[in-house]
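Shown next, in structure tokens, is the structure this report addresses.
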Amino acid sequence: MQAWQVHENGEPGEVMRLADMAPPTPGEGQVLLRVRAAAVNFPDALLCRGQYQVRPPLPFTPGVEVCAETEDGRRVIATPVLPHGGFAEYTLAHTAALLPAPEALDDARAAALHIGYQTGWFGLHRRARLEAGETLLVHAAAGGVGSAAVQLGKAAGATVIGVVGGPEKAAVARELGCDLVIDRKSEDVIATVKEATGGRGADVIYDPVGGTAYTQSTKVVAFEGRIVVVGFASGTIPSAALNHALVKNYAVLGLHWGLYNTKNPELVQHCHEQLTELAARGAISPLVSERVPLDRAAAAVQKVADGTSTGRIAVVMEETA
């Protein structure tokens, strides 16, 4: 089979190399899957750089999210077992963690449903308890994680404010359904949010960026608001000023979705059922901005690493393209 491998850490476009190799052999409780599509995630870039919380042994194949086919022909979505990631013709996954691919979504969109939308659902519903009528602010609203949160927020009946970087991403955020879009490169995020909310601020803030975005969040979070921290795409991990949280009476909530796979896998299954139902009635549909063949996977991961992509880029196998 063909598979991308990383032999040394560095930028994805420099260290990912396409190679011919034997398909991986499943271990106990694992299953071999034929990959139909793999969604590119920011963690794939971090894996290449050696900066992710999980560091598989070198060499490894990145790709943390796939739509694939089992040997008996079932179409499933899964998070591959590293070091045998999804940017390959075949991958491995834990049998118990396989989820049925929603019939309403094609392979590329099904691959993109899992991590971003599970993270969004857990962040907004499990952690922040978002309610209909509340205001949700989403940083990086045109990105893979942010776009999922926008759609889930609208499906929950929230008013959604999207923060993006640049006019192209602003257009994408509007198409996703944001009620207000703020271009952080040309507008004052803090002043605009305060004006739009009558000075009250946002009830829930979804932050996959960190750095300056988090600082802005603390200035526009409402009374009894909730800031959900889901990542640090900016590369800067902020330090929370707890005295400020006390004075303004807001909560800072961390979310590591991967922990639920071991701590509460039944809830992951429940979430998938909710997402499948939302997809079936058209309330959510992953934004796949590009579909590329396997031999362009490294360039796709680099594009995500550089922060120039919107939605998800999907690596689609030729026979299912």
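For the residue pair Asp72 / Thr70, a side-chain donor-acceptor distance below 3.5 Å is found, with atom types taken as modelled. Side-chain contact, His139 with Ser217: a donor N or O sits under 3.5 Å from an acceptor N or O. His84 and Tyr90 share no side-chain donor-acceptor pair at under 3.5 Å. In this structure, a donor-acceptor pair under 3.5 Å is present between the side chains of Asn41 and Arg312.
Hydrophobic cluster membership is shared by Val15 and Tyr52, with clusters built from Ile, Leu, Val, Met, Phe, Trp and Tyr side chains linked at under 4.5 angstrom. One hydrophobic cluster, built from ILVMFWY side chains closer than 4.5 Å, cannot hold both Ile161 and Leu130; they sit in different ones. In the hydrophobic cluster analysis, where Ile, Leu, Val, Met, Phe, Trp and Tyr join through side-chain heavy atoms closer than 4.5 angstrom, Val160 is grouped together with Leu124. A chain of hydrophobic side-chain contacts below 4.5 Å, direct or via other Ile, Leu, Val, Met, Phe, Trp or Tyr residues, connects Val230 to Leu275. Leu255 and Val229 end up in different hydrophobic clusters when Ile, Leu, Val, Met, Phe, Trp and Tyr side chains are linked at under 4.5 Å.
Residue Tyr214 qualifies as enclosed at atom OH: its count of foreign heavy atoms under 6.0 Å is above 12. Counting non-hydrogen atoms of other residues, nucleotides and ligands closer than 6.0 Å to CD of Glu195 gives a total of 12 or fewer. For Glu103, the CD atom is loosely surrounded, since the number of other residues' heavy atoms within 6.0 Å does not exceed 12. When the shell of 6.0 Å around CD of Glu187 is examined, it contains more than 12 heavy atoms from other residues, nucleotides or ligands. By the 6.0 Å contact criterion, NZ on Lys248 is enclosed, its count of non-hydrogen atoms from other residues, nucleotides or ligands being greater than 12. Around NE2 of His125, the count of heavy atoms belonging to other residues, nucleotides or ligands within 6.0 Å exceeds 12.
Residues Thr79 and Val66 form no side-chain contact, since every pair of their non-hydrogen atoms from C-beta on lies 4.5 Å or further apart. Residues Cys67 and Arg75 are in side-chain contact: their nearest non-hydrogen atoms beyond the backbone lie under 4.5 Å apart. Residues Asn9 and Cys48 are not in side-chain contact: their nearest non-hydrogen atoms beyond the backbone lie 4.5 Å or more apart. Inter-residue side-chain proximity for Arg296 and Val315 is flagged as unmet; no heavy-atom pair is nearer than 4.5 Å. In this structure the side chain of Leu32 reaches within 4.5 angstrom of the side chain of Leu92, judged on heavy atoms. The side-chain heavy atoms of Ile205 and Tyr250, taken from C-beta on, include no pair separated by under 4.5 Å. Residues Arg109 and Ser285 are in side-chain contact: their nearest non-hydrogen atoms beyond the backbone lie under 4.5 Å apart. For the pair Gln53/His256, a side-chain contact is recorded, criterion being any heavy-atom separation below 4.5 Å from C-beta on.
Atom NE2 in His94 sits 9.0 Å away from atom CG in Asn261 (nearest 0.5 Å). A distance of 9.5 Å separates CD of Gln118 from CD of Glu65, quoted to the nearest 0.5 Å. Taking CG of Leu152 as the reference point, atom CG of Leu278 lies at 7.0 Å (rounded to 0.5 Å). Within the model, atoms CG of Leu33 and CG of Leu98 stand 6.0 Å from one another, a figure rounded to the nearest 0.5 Å. Taking CE of Met16 as the start and CZ of Phe60 as the end, the distance is 8.5 Å to the nearest 0.5 Å. One distance of note links CD of Glu168 with OG1 of Thr308; it measures 9.0 Å at 0.5 Å rounding.
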Stepwise side-chain contact (heavy atoms from CB on, under 4.5 Å) check, Phe87 with Val35: CA-CA 8 Å; Phe87 299 140; Val35 177; over 6 Å; no
CA sep, side-chain torsions, deciding dist, call: Arg200, Phe223, side-chain contact (heavy atoms from CB on, under 4.5 Å): CA-CA 8 Å; Arg200 184 175 182 279; Phe223 171 75; 5.9 Å; no
side-chain contact (heavy atoms from CB on, under 4.5 Å) between Leu253 and Ile227, intermediate numbers included: CA-CA 6 Å; Leu253 306 170; Ile227 300 174; over 6 Å; no
Candidate pair Gln151 and Tyr117, rule side-chain hydrogen bond (donor to acceptor under 3.5 Å, both in side chains), full reasoning: CA-CA 9 Å; Gln151 291 186 352; Tyr117 283 82; 2.7 Å; yes
From CA spacing to verdict: side-chain contact (heavy atoms from CB on, under 4.5 Å), Leu105, Thr276: CA-CA 9 Å; Leu105 303 176; Thr276 299; over 6 Å; no
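With hydrogens and angles ignored, the 3.5 Å screen pairs a side-chain donor or acceptor of Thr61 with a backbone N or O of Trp4. The backbone N or O of Thr95 sits nowhere less than 3.5 Å from a side-chain atom of Gln30 that would complete a donor-acceptor pair. Of the possible donor and acceptor atoms, none in the side chain of Asp203 sits under 3.5 Å from a partner among the backbone N and O of Glu134. At least one donor-acceptor pair under 3.5 Å links the side chain of Thr218 to the backbone N or O of Thr215. With hydrogens and angles disregarded, a donor-acceptor distance shorter than 3.5 Å links the side chain of Ser234 to the backbone of Val209. Side chain of Asp20 to main chain of Gln2: no donor-acceptor pair is present (N/O by atom type, distance under 3.5 Å, no hydrogens or angles). The closest donor-acceptor contact from the side chain of Arg291 to the backbone of Val288 lies at 3.5 Å or more, if one exists at all.
Ionic pairing of Asp188 and Lys194 is not present here: no N-O contact between side-chain nitrogen and carboxylate oxygen is shorter than 4.0 angstrom.
The only member of Glu69, Glu89, Glu71 that meets side-chain hydrogen bond (donor to acceptor under 3.5 Å, both in side chains) when paired with Arg34 is Glu69.
Taking every heavy atom of both residues into account, Pro24 and Met1 meet most closely at CD-CE, 3.6 Å. Residue Cys271 comes nearest to Phe122 through the heavy atom pair CB-CE1, 3.8 Å, listed as atom of the first residue, atom of the second, then distance. Smallest separation of non-hydrogen atoms from Pro102 and Ala110: CD-CB, 4.5 Å. Of all non-hydrogen atoms in Ala158 and Asp179, the two that sit nearest each other are O-OD2, 4.0 Å. Pairing each heavy atom of Ala148 with each of Gly116, the nearest pair is CB-O, 3.7 Å. The heavy-atom pair separating Pro167 from Asp183 by the smallest distance is N-OD2, 3.6 Å.
Ring centers of Trp121 and His272: at least 6.0 Å apart, outside the cut-off.
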